Amino acid sequence: MPKLAGIQHQRAVKTFEKAGFRVVREGKHISMAKDDRIIIIPRNNPINAFTMGGIIKDAGLTVEEFKKLL
């Protein structure tokens, strides 16, 4: 998996919204959903690159696709 620099959680949420996800719940973590996929984004700044890679994979995207949406 290619390296992905740490990203602010607000920027990650906006990027996933571009990919068609919507915010379902907010608290210590942000839950987003699209069809049958649910992703959880921690409110860490920045989000660890390894954690972000896992979230992107859970969303059904590749790191390259995610970078294009940034």
Side-chain angles (χ1 to χ4, degrees):
M1 180 182 316
K3 287 282 186 183
L4 181 66
I7 295 175
Q8 303 293 320
H9 74 271
Q10 300 97 331
R11 190 166 180 204
V13 169
K14 289 181 191 278
T15 304
F16 283 117
E17 285 176 339
K18 288 181 189 176
F21 284 83
R22 60 185 172 80
V23 174
V24 178
R25 185 179 307 152
E26 291 189 53
K28 289 185 178 180
H29 293 75
I30 301 168
S31 300
M32 300 185 80
K34 175 184 175 185
D35 301 326
D36 61 340
R37 293 187 183 269
I38 297 173
I39 57 173
I40 308 295
I41 301 171
R43 288 186 183 261
N44 295 347
N45 283 324
I47 298 173
N48 181 310
F50 182 76
T51 303
M52 198 65 228
I55 296 169
I56 293 167
K57 184 178 176 184
D58 290 345
L61 300 171
T62 64
V63 174
E64 290 79 21
E65 291 170 335
F66 184 79
K67 284 182 178 179
K68 288 179 186 175
L69 292 172
L70 282 174

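Predicted model, so just to flag it, every value in this text is computed and none were measured. Throughout, residue positions are numbered sequentially from 1 according to the sequence presented.
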Nearest heavy atoms of Leu69 and Ala19, plus distance in Å: CD1-CB, 3.7 Å

Point-to-point distance, once rounded to the nearest 0.5 Å, from CD1 of Ile41 to CD of Glu26: 10.0 Å

Between CG on residue Leu61 and NZ on residue Lys57, distance to nearest 0.5 Å: 13.0 Å

Parallel, tilted or perpendicular, as decided by the 30° and 60° cut-offs, for the rings of Phe16 and Phe66: tilted

Contact summary for Val23 and Met32, nearest pair of heavy atoms: CG2-CE, 4.1 Å

Fellow cluster residues of Ile40, listed by chain then number, with links counted only when side-chain atoms sit under 4.5 Å apart: Ile38

Contact check, side chains of Leu70 and Ile7, non-hydrogen atoms, under 4.5 Å: yes

Ile30 CD1 to Gln10 CD distance, which is reported to the nearest 0.5 Å: 7.5 Å

Exercise: do Asn45 and His9 side chains pair donor with acceptor under 3.5 Å: yes

For the student: nearest non-hydrogen atoms of Ile56 and Val63, plus distance: CG2-N, 4.1 Å

Separation of Asp35 CG from Phe21 CZ (nearest 0.5 Å): 8.0 Å

Residues which pass salt bridge (Lys or Arg N to Asp or Glu O under 4.0 Å) with Glu17, listed by chain and number, not counting sequence neighbours: none

Pairwise side-chain contact, Asn48 with Pro42, heavy-atom cut-off 4.5 Å (strictly under): no

Side-chain donor/acceptor of Arg37 to backbone N/O of Asp58, under 3.5 Å: yes

Separation of Arg22 CZ from Lys34 NZ (nearest 0.5 Å): 12.0 Å

Salt bridge (Lys or Arg N to Asp or Glu O under 4.0 Å) involving Arg11 - partner list, sequence neighbours excluded: none

